[in-house]
A.B. asks: 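For reference, the structure I am asking about is given below.
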Amino acid sequence: MNNLLPNFSDRLADAIRAKRTPLVVGLDPRWDFLPAIVQGRRSPHDPSDVAEAFGEFCRAVIDVVAPMVPTVKPQWAFFEQLGAFGLAALENVIAHAREKGLLVIADAKRGDIGSTAEAYAEAFFRLARKAPYCDALTVNPYMGVDSWQPFVNLAKERGSGVFLLAKTSNPGSGDIQDLTTGHARIYEIVADQIERAAAQTKGSCGYGIVGAVVGATYPNQLSELRARMPSAWILVPGFGAQGGTAHDVAGAFDQRGLGAIVNSSRAVLFAHRDPKFAVAGNNWQASVEAACHDAIEQLRSQTNASKLG
């Protein structure tokens with residue numbers, strides 16, 4: 001099979017090494033948190049106005065962080081709630097991220113069976129200028145292997161990646177994921193499935209195109225799952241505003257500083273609301289830059305990300 005692009009895992013590793021950080025900036029725009037200058041005269045009750053503001057805001061964030069991080073992770077729901085206006089804005093945000101040389105991870109948590117799963121996969125990995133629309137996608141695997149295999153199949157063909165939810169960062173994740181069946185917890189069984197798929201799709205960097213989502217809010221499980229999934233990238237949400245610290249995510253990395261990417265959304269996006277990073281006047285982008293730099297330095301000082309150079 002001739003892939004359109006090199007192995008996603010190797011592309012991710014190269015991007016991390018180039019920027020010398022595993023930080024991912026999540027694009028989760030919220031009207032109430034936007035800088036007043038971005039809200040402007042737009043109405044929060046008009047979906048087209050909100051979508052326009054979200055697009056403007058996210059593109060401006062990308063302008064700031066593109067030289068600093070390897071990838072951004074747009075959260076689909078914040079755009080999708082605005083209907084066609086939001087999706088059009090998202091298209092522009094993704095295009096802008098690509099123009100700036102960033103990898104794009106779609107945080108949409110899709111998952112279904114059969115032809116429906118195939119259609120979802122095509123939606124996210126469809127060709128756009130001879131490259132996939134998104135470089136990777138988060139997928140919910142809790143309907144079983146047949147619900148996520150179509151995503152992996154197309155990802156192989158299109159040079160993309162898939163991050164399957166394993167142990168998520170929310171407080172209620174244990175309601176199902178921590179239940180024991182036989183001699184393992186459910187999230188451990190899912191992790192074993194992820195490892196098998198990752199091992200079959202390894203790039204030269206030693207990791208496969210199938211990765212796992214494991215929350216920073218569960219540091220013990222994060223370290224355990226790193227050992228359980230030696231071939232899988234781990235996407236780590238929950239760092240920053242959700243309470244996860246750089247120390248908490250340290251167990252996700254290998255000795256080279258690879259193997260994990262760590263997401264920060266609110267703490268970077270809305271840094272203008274934090275007295276630590278607030279800047280006088282309307283220069284909210286300076287706050288974003290300062291918060292992004294701070295997150296990078298935290299990871300560099302407390303994890304093996306320091307070995308990236």
A.B. asks: Considering only residues two or more places apart or on different chains, which pairs with a residue in residues 152-194 satisfy ring-ring contact (aromatic ring centres under 6.0 Å, His included)?
C.D. replies: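 Those involving residues 152-194 do not exist here.
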A.B. asks: Please examine the side chains of P74 and L90, heavy atoms only from C-beta on, and report whether any two atoms are closer than 4.5 Å.
C.D. replies: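 In short, these two side chains touch, coming nearer than 4.5 Å.
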A.B. asks: Any side-chain to backbone donor/acceptor pair from N304 onto G257? Under 3.5 Å, distance only.
C.D. replies: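 Pair absent, no side-chain N/O of N304 close to backbone of G257.
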A.B. asks: So if you build clusters from Ile, Leu, Val, Met, Phe, Trp, Tyr with side-chain heavy-atom gaps below 4.5 Å, do V152 and Y142 land together?
C.D. replies: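 Yes, one cluster joins them.
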A.B. asks: Using only atom types and a distance under 3.5 Å, with no angle test, would you say the side chain of Q285 pairs donor to acceptor with the backbone of A60?
C.D. replies: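 Indeed, once roles are kept as given, a pair shorter than 3.5 Å links the two residues.
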A.B. asks: Examine Y218 and I186 and state if one hydrophobic cluster contains both, with Ile, Leu, Val, Met, Phe, Trp and Tyr joined whenever side-chain heavy atoms are less than 4.5 Å apart.
C.D. replies: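 Y218 does not cluster with I186.
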A.B. asks: Looking at every heavy atom in both A212 and I194, which two are closest together, and how far apart are they?
C.D. replies: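 That closest heavy-atom pairing would be CB-CD1, 3.7 Å.
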A.B. asks: Using modelled atom types and a 3.5 Å cut-off, is there a donor and acceptor pairing between side-chain atoms of Q242 and backbone atoms of G244?
C.D. replies: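 Side chain of Q242 to backbone of G244, a donor-acceptor pair under 3.5 Å: no, none is there.
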A.B. asks: What I want to find out is whether D28 reaches R266 closely enough, with some N-O distance under 4.0 Å, to be called a salt bridge.
C.D. replies: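 Salt bridge flag = no for R266 with D28.
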A.B. asks: Please check if the side chain of H272 supplies one atom and the backbone of F33 the other of a donor-acceptor pair under 3.5 Å.
C.D. replies: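 Confirmed, H272 side chain pairs with F33 backbone.
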A.B. asks: What pairs meet the ring-ring contact (aromatic ring centres under 6.0 Å, His included) rule with one or both residues in residues 222-267, with sequence neighbours excluded?
C.D. replies: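 For residues 222-267: Y207-W233.
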A.B. asks: Measure the spacing between OG1 of T303 and CG of L308 and express it to the nearest 0.5 Å.
C.D. replies: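 Separation between the atoms: 8.0 Å.
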A.B. asks: Mind checking side chain to side chain donor-acceptor pair (under 3.5 Å) for T168 and listing every partner two or more places apart, or none if nothing turns up?
C.D. replies: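 Partners of T168 under the side chain to side chain donor-acceptor pair (under 3.5 Å) test: N170, Q177.
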A.B. asks: Using a 3.5 Å distance criterion without hydrogens, assess whether the side chain of T116 forms a donor-acceptor pair with backbone atoms of D112.
C.D. replies: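 Absent.
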A.B. asks: Is any NZ, NE, NH1 or NH2 atom of the basic residue among K167 and D178 found under 4.0 Å from an Asp or Glu carboxylate oxygen of the other?
C.D. replies: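 Salt bridge: yes.
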A.B. asks: CG/D14 to SG/C205 distance, rounded to the nearest 0.5 angstrom?
C.D. replies: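 If I round to the nearest 0.5 Å, the distance is 8.0 Å.
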A.B. asks: If you group Ile, Leu, Val, Met, Phe, Trp and Tyr by side-chain heavy-atom gaps below 4.5 Å, do V162 and Y133 land in one group?
C.D. replies: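 Yes, because V162 and Y133 connect within a single hydrophobic cluster, where side-chain heavy atoms sit under 4.5 Å apart.
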A.B. asks: What are the two closest non-hydrogen atoms of L102 and T71, and how far apart are they?
C.D. replies: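 Between these two residues, the closest heavy atoms are CD2-N, 4.1 Å.
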A.B. asks: Measure the shortest side-chain to side-chain distance between V93 and L27 over non-hydrogen atoms and say whether it is less than 4.5 angstrom.
C.D. replies: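 Touching, per the 4.5 Å side-chain cut-off.
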A.B. asks: Mind running side chain to side chain contact (heavy atoms under 4.5 Å, CB included) on R185 and L179 for me, showing each step along the way?
C.D. replies: CA-CA 5 Å; R185 295 180 177 88; L179 295 179; over 6 Å; no
A.B. asks: Verify side chain to side chain contact (heavy atoms under 4.5 Å, CB included) between F54 and L34, making sure each step is shown before the conclusion.
C.D. replies: CA-CA 8 Å; F54 281 6; L34 294 181; 4.0 Å; yes
A.B. asks: If I take atom CD from residue Q221 and atom CD from residue E188, how far apart are they, to the nearest 0.5 angstrom?
C.D. replies: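 The distance works out to 9.0 Å.
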A.B. asks: For a 4.5 angstrom cut-off between non-hydrogen side-chain atoms, does L258 reach I16?
C.D. replies: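 Of all side-chain heavy-atom pairs linking I16 with L258, at least one is under 4.5 Å.
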A.B. asks: Between K156 (side chain only) and T201 (backbone N and O only), is there a donor and an acceptor less than 3.5 Å apart?
C.D. replies: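 Not confirmed, K156 side chain does not pair with T201 backbone.
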A.B. asks: Regarding S173 and D175, do their side chains bring together a donor and an acceptor under 3.5 Å, going by distance alone?
C.D. replies: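 Their side chains do not contain a donor-acceptor pair, so the 3.5 Å distance test is not met.
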A.B. asks: Quick check for you: to the nearest 0.5 Å, what is the distance between L269 atom CG and C292 atom SG?
C.D. replies: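 Going from CG on L269 over to SG on C292, the span is 10.0 Å.
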A.B. asks: With a 4.0 Å cut-off, would you call K109 and D107 a salt bridge?
C.D. replies: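 Salt bridge: yes.
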A.B. asks: Using side-chain heavy atoms (C-beta onward) and a distance below 4.5 Å, is V69 in contact with V24?
C.D. replies: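 Side-chain contact under 4.5 Å: no.
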A.B. asks: Side chains of I105 and C134, heavy atoms from C-beta outward: is any pair under 4.5 Å?
C.D. replies: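 A side-chain contact is absent here, since even the closest heavy-atom pair is not under 4.5 Å.
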A.B. asks: Is it true that V145 and V213 fall in one hydrophobic cluster, defined by side-chain heavy atoms closer than 4.5 Å?
C.D. replies: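 Same hydrophobic cluster.
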A.B. asks: I'd like to know whether CG of L87 has more than 12 heavy-atom contacts from other residues, nucleotides or ligands below 6.0 angstrom.
C.D. replies: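 Above 12, so yes.
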A.B. asks: Answer yes when E52 and R42 have at least one side-chain N-carboxylate O distance shorter than 4.0 Å, and no when they do not.
C.D. replies: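 Result for this pair is yes, salt bridge flagged.
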A.B. asks: Run the side chain to side chain contact (heavy atoms under 4.5 Å, CB included) check on L154 and E118 step by step: do they pass?
C.D. replies: CA-CA 8 Å; L154 195 58; E118 292 171 0; over 6 Å; no
A.B. asks: Are I296 and F277 joined in one hydrophobic group, where the rule is that I, L, V, M, F, W and Y side chains link up if heavy atoms are under 4.5 Å apart?
C.D. replies: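 Different clusters: I296 never reaches F277 through Ile, Leu, Val, Met, Phe, Trp or Tyr contacts under 4.5 Å.
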A.B. asks: Looking only at atom types and distance, does a side-chain atom of E195 sit under 3.5 Å from a main-chain N or O of S231, one as donor and one as acceptor?
C.D. replies: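 Yes, the answer is positive, given that a donor and an acceptor are paired below the 3.5 Å cut-off.
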A.B. asks: For the pair D294 and Q298, evaluate side chain to side chain donor-acceptor pair (under 3.5 Å) and give the outcome as yes or no after the intermediate values.
C.D. replies: CA-CA 6 Å; D294 182 71; Q298 288 181 46; 2.7 Å; yes
A.B. asks: Is the side chain of R226 donor-acceptor paired with the backbone N or O of G259 at a distance under 3.5 Å, no angle test?
C.D. replies: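 Such a contact is found between R226 side chain and G259 backbone.
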A.B. asks: Report yes if the side chains of T21 and M68 come closer than 4.5 Å at any heavy-atom pair, otherwise no.
C.D. replies: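 No, too far: nothing below the 4.5 Å cut-off.
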A.B. asks: Using a strict 4.0 Å threshold on nitrogen-to-oxygen distance, state whether D135 and R158 make a salt bridge.
C.D. replies: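 No.
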A.B. asks: At their closest point, which heavy atom of A15 faces which heavy atom of L103, and how far apart are they?
C.D. replies: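 Shortest heavy-atom separation between A15 and L103 comes out as CB-CD1, 4.1 Å.
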A.B. asks: We want to know whether Q149 and N153 form a side-chain donor-acceptor pair, criterion being a heavy-atom distance below 3.5 angstrom.
C.D. replies: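 Indeed, the side chains of Q149 and N153 share at least one donor-acceptor pair under 3.5 Å.
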A.B. asks: Mind checking the CG-CZ spacing from L12 to R17? Nearest 0.5 Å is all I need.
C.D. replies: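 Interatomic distance, L12 CG to R17 CZ, rounded to 0.5 Å: 10.0 Å.
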A.B. asks: Using the side chain to side chain donor-acceptor pair (under 3.5 Å) criterion, which residues pair with E80? Sequence neighbours excluded.
C.D. replies: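 Applying side chain to side chain donor-acceptor pair (under 3.5 Å) to E80 gives R110.
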A.B. asks: Test D10 against S204 for side chain to side chain donor-acceptor pair (under 3.5 Å), laying out the working first.
C.D. replies: CA-CA 6 Å; D10 290 336; S204 60; 3.2 Å; yes
A.B. asks: If I compare all heavy atoms of P141 with all of L164, which pair ends up nearest, and what's the gap?
C.D. replies: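 Reported closest heavy-atom pair: CG-CB, 4.2 Å.
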A.B. asks: For G26, does its backbone N or O pair with a side-chain atom of K73 as donor and acceptor, under 3.5 Å?
C.D. replies: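 Checked: no pair found.
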A.B. asks: Tell me the closest heavy-atom pair linking S287 and A271, and the distance in Å.
C.D. replies: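 Closest heavy-atom pair between S287 and A271: O-CB, 3.3 Å.
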A.B. asks: Between L299 and P22, which heavy-atom pair has the shortest distance, and what is it?
C.D. replies: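 Of all heavy-atom pairs spanning L299 and P22, the closest is CD1-CG, 4.2 Å.
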A.B. asks: Looking at R256 and D254, does any basic side-chain N land under 4.0 Å from a carboxylate oxygen?
C.D. replies: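 Here R256 pairs with D254 in a salt bridge, since their nearest N and O are under 4.0 Å apart.
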A.B. asks: Listing request: all ring-ring contact (aromatic ring centres under 6.0 Å, His included) pairs with a residue in residues 55-110, at least two apart in sequence or in separate chains.
C.D. replies: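 For residues 55-110, and leaving out neighbouring residues, the ring-ring contact (aromatic ring centres under 6.0 Å, His included) pairs sorted by first residue read F57-F270, F57-W284, W76-F124.
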A.B. asks: V288 versus V65: any side-chain heavy-atom pair under 4.5 Å?
C.D. replies: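 The answer is yes; the side chains approach within 4.5 Å.
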A.B. asks: Run the side chain to side chain contact (heavy atoms under 4.5 Å, CB included) test against N92 and tell me which residues pass, sequence neighbours left out.
C.D. replies: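 Only R59 meet the side chain to side chain contact (heavy atoms under 4.5 Å, CB included) criterion with N92.
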A.B. asks: For R126, is there an ion pair with E91 - N to carboxylate O distance below 4.0 angstrom?
C.D. replies: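 Yes, this pair counts.
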A.B. asks: Go through the steps for S160 and L137 under the test side chain to side chain contact (heavy atoms under 4.5 Å, CB included), then give the verdict.
C.D. replies: CA-CA 8 Å; S160 300; L137 170 68; over 6 Å; no
A.B. asks: CD1 of I261 to CD1 of I234: how many Å apart, nearest 0.5 Å?
C.D. replies: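 Between atom CD1 of I261 and atom CD1 of I234 there are 10.5 Å.
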